[in-house]
**Student:** 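One structure coming up, written as structure tokens, with questions to follow.
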Amino acid sequence: NYINEQMYSLFEYLISTQEKLEKEIKSLHPAKKSTKLELYKRLSLGKDYLESCYNENIKLSDLAKTACLCEHHMLREFKKHFNFTPHQYLINVRLQVSKNLLKQNHKSISQISSAIGFEHQSSFSQLFTQRYKISPKSFRQISAQKRKF
């Protein structure tokens with residue numbers, strides 16, 4: 001996924017450069033409001049799909065099909081509108097859900113990481129620690145102490 005995202009970022013840069021040149025050549029016409037609304041609806045479908053199926057192995061092609069957009073367009077527009085790539089957004093959703101599960105649930109950390117869609121507990125723990133500056137185990141212990149009081 002990382003390599004694909006990097007490749008799409010390069011394509012995005014090349015396409016945006018080409019689009020800037022075309023805009024300089026042609027006069028700008030405002031986009032139709034109906035087109036903007038349709039694009040927003042499709043991106044929202046993709047975002048909802050990520051939020052509802054966060055525990056599955058979601059590919060960009062699946063997400064693009066759900067939103068009825070091509071992969072390149074989906075990646076470019078999603079990043080433009082939500083300031084995250086779809087993969088980054090999916091990781092954010094998974095980490096947020098994991099916080100709630102760690103607070104409420106007594107499942108092991110490996111069970112939680114598996115339940116939210118991570119293949120390896122180590123990658124989950126690493127991402128959790130990077131994001132929240134605390135390990136999942138420590139987070140769980142602190143949350144348990146707070147519940148007692």
Side-chain angles (χ1 to χ4, degrees), residues 1-26 28-105 107-140 142-143:
N1 285 338
Y2 176 75
I3 292 172
N4 285 338
E5 284 187 14
Q6 293 302 315
M7 185 176 66
Y8 290 130
S9 294
L10 177 60
F11 288 146
E12 177 183 354
Y13 174 76
L14 292 173
I15 290 170
S16 68
T17 303
Q18 181 181 357
E19 288 174 349
K20 287 177 186 177
L21 181 60
E22 289 174 2
K23 287 179 183 180
E24 290 176 10
I25 295 171
K26 297 178 181 179
L28 293 173
H29 298 287
K32 291 181 181 179
K33 186 175 181 179
S34 61
T35 305
K36 288 182 181 180
L37 288 173
E38 184 64 27
L39 179 61
Y40 180 77
K41 287 178 186 178
R42 291 179 184 201
L43 290 174
S44 294
L45 282 171
K47 185 178 172 187
D48 291 343
Y49 180 71
L50 289 173
E51 290 172 353
S52 63
C53 300
Y54 63 86
N55 57 341
E56 297 175 12
N57 184 15
I58 300 172
K59 296 178 184 171
L60 184 60
S61 59
D62 300 332
L63 186 63
K65 284 179 187 175
T66 301
C68 299
L69 295 169
C70 76
E71 293 178 24
H72 302 290
H73 194 59
M74 178 68 189
L75 182 64
R76 183 175 59 248
E77 294 299 323
F78 194 97
K79 187 174 180 181
K80 188 189 312 182
H81 290 287
F82 299 117
N83 297 320
F84 292 104
T85 64
H87 183 70
Q88 290 170 332
Y89 188 80
L90 178 62
I91 296 299
N92 288 338
V93 170
R94 287 177 175 175
L95 291 176
Q96 189 62 42
V97 170
S98 72
K99 275 179 68 175
N100 294 334
L101 289 175
L102 287 167
K103 287 179 186 178
Q104 303 167 2
N105 206 327
K107 289 183 180 178
S108 70
I109 293 173
S110 63
Q111 289 173 324
I112 290 174
S113 68
S114 180
I116 61 173
F118 284 98
E119 290 182 25
H120 304 286
Q121 178 189 342
S122 59
S123 60
F124 162 67
S125 295
Q126 183 181 14
L127 286 168
F128 190 94
T129 303
Q130 285 176 349
R131 171 68 47 84
Y132 300 116
K133 309 296 185 222
I134 189 171
S135 70
K137 184 178 179 180
S138 299
F139 180 82
R140 173 178 268 170
I142 290 171
S143 296

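In this text, all values refer to a predicted model and were calculated from it rather than measured experimentally.
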**Student:** Mind checking whether N4 and K59 have side chains closer than 4.5 Å, heavy atoms only?
**Tutor:** no

**Student:** Hey, does the side chain of S98 reach the backbone of L95 with a donor-acceptor pair shorter than 3.5 angstrom?
**Tutor:** yes

**Student:** Rounded to the nearest 0.5 Å, how far does CD of E71 lie from CG of L60?
**Tutor:**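 So the CG of L60 and the CD of E71 are separated by 5.0 Å.
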
**Student:** Applying ring-ring contact (aromatic ring centres under 6.0 Å, His included), name anything that partners Y49, two or more places apart in sequence or on another chain.
**Tutor:**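 Y49 satisfies ring-ring contact (aromatic ring centres under 6.0 Å, His included) with no other residue.
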
**Student:** Kindly indicate whether the side chain of M74, heavy atoms from C-beta on, has any atom under 4.5 Å from the side chain of L43.
**Tutor:**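 In short, these two side chains touch, coming nearer than 4.5 Å.
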
**Student:** Hey, could you give me the CD/CZ distance between Q121 and F124, rounded to the nearest 0.5 Å?
**Tutor:**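 So the CD of Q121 and the CZ of F124 are separated by 8.0 Å.
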
**Student:** To the nearest 0.5 Å, tell me how far L63 CG sits from K65 NZ.
**Tutor:** 11.5 Å

**Student:** Can you check whether R140 reaches I112 side chain to side chain, under 4.5 Å on heavy atoms?
**Tutor:**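 The answer is yes, as the side chains (C-beta and beyond) meet within the 4.5 Å cut-off.
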
**Student:** Any sub-3.5 Å donor-acceptor pair from S44's side-chain atoms to Y40's backbone N or O?
**Tutor:** yes

**Student:** Could you check whether atom CD1 of I3 has more than 12 heavy atoms from other residues, nucleotides or ligands sitting under 6.0 Å from it?
**Tutor:**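 Count not over threshold, so no.
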
**Student:** Does NZ or CZ of R94 fall inside the cone over F118's six-membered ring, less than 6.0 Å from its centre and within 45° of the axis?
**Tutor:** yes

**Student:** State, yes or no, whether a side-chain contact exists between I116 and L101 at a heavy-atom distance under 4.5 Å.
**Tutor:**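 Yes, side chains in contact.
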
**Student:** Is the shortest heavy-atom distance from the side chain of N55 to the side chain of S114 under 4.5 Å?
**Tutor:**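 Not touching, per the 4.5 Å side-chain cut-off.
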
**Student:** Would you check if F139 and F128 make a side-chain contact, meaning some heavy-atom pair closer than 4.5 Å?
**Tutor:** yes

**Student:** Using side-chain heavy atoms (C-beta onward) and a distance below 4.5 Å, is I109 in contact with L102?
**Tutor:** yes

**Student:** Just wondering, more than 12 heavy atoms not from F82 lying within 6.0 Å of its CZ?
**Tutor:** yes

**Student:** Around E119, counting heavy atoms of other residues, nucleotides and ligands shown, do more than 12 lie under 6.0 Å from its CD?
**Tutor:** no

**Student:** Any side-chain heavy atom of F78 within less than 4.5 Å of one from K47?
**Tutor:** yes

**Student:** Nearest 0.5 angstrom please: L50 CG to L45 CG, how far?
**Tutor:**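 Reported to 0.5 Å precision, the distance equals 11.0 Å.
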
**Student:** Kindly compute the distance separating OH (Y2) from NE2 (H87), expressed to the nearest 0.5 Å.
**Tutor:**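 Rounded to the nearest 0.5 Å, the OH-NE2 separation comes to 10.5 Å.
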
**Student:** Tell me, yes or no, whether the heavy-atom count around H120 atom NE2, taken from other residues, nucleotides or ligands under 6.0 Å, exceeds 12.
**Tutor:** no

**Student:** Enter the distance from L39:CG to L69:CG here, rounded to the nearest 0.5 Å.
**Tutor:** 6.5 Å

**Student:** Quick one: does any side-chain atom of S125 pair with a main-chain N or O of S122 as donor and acceptor, under 3.5 Å?
**Tutor:** no

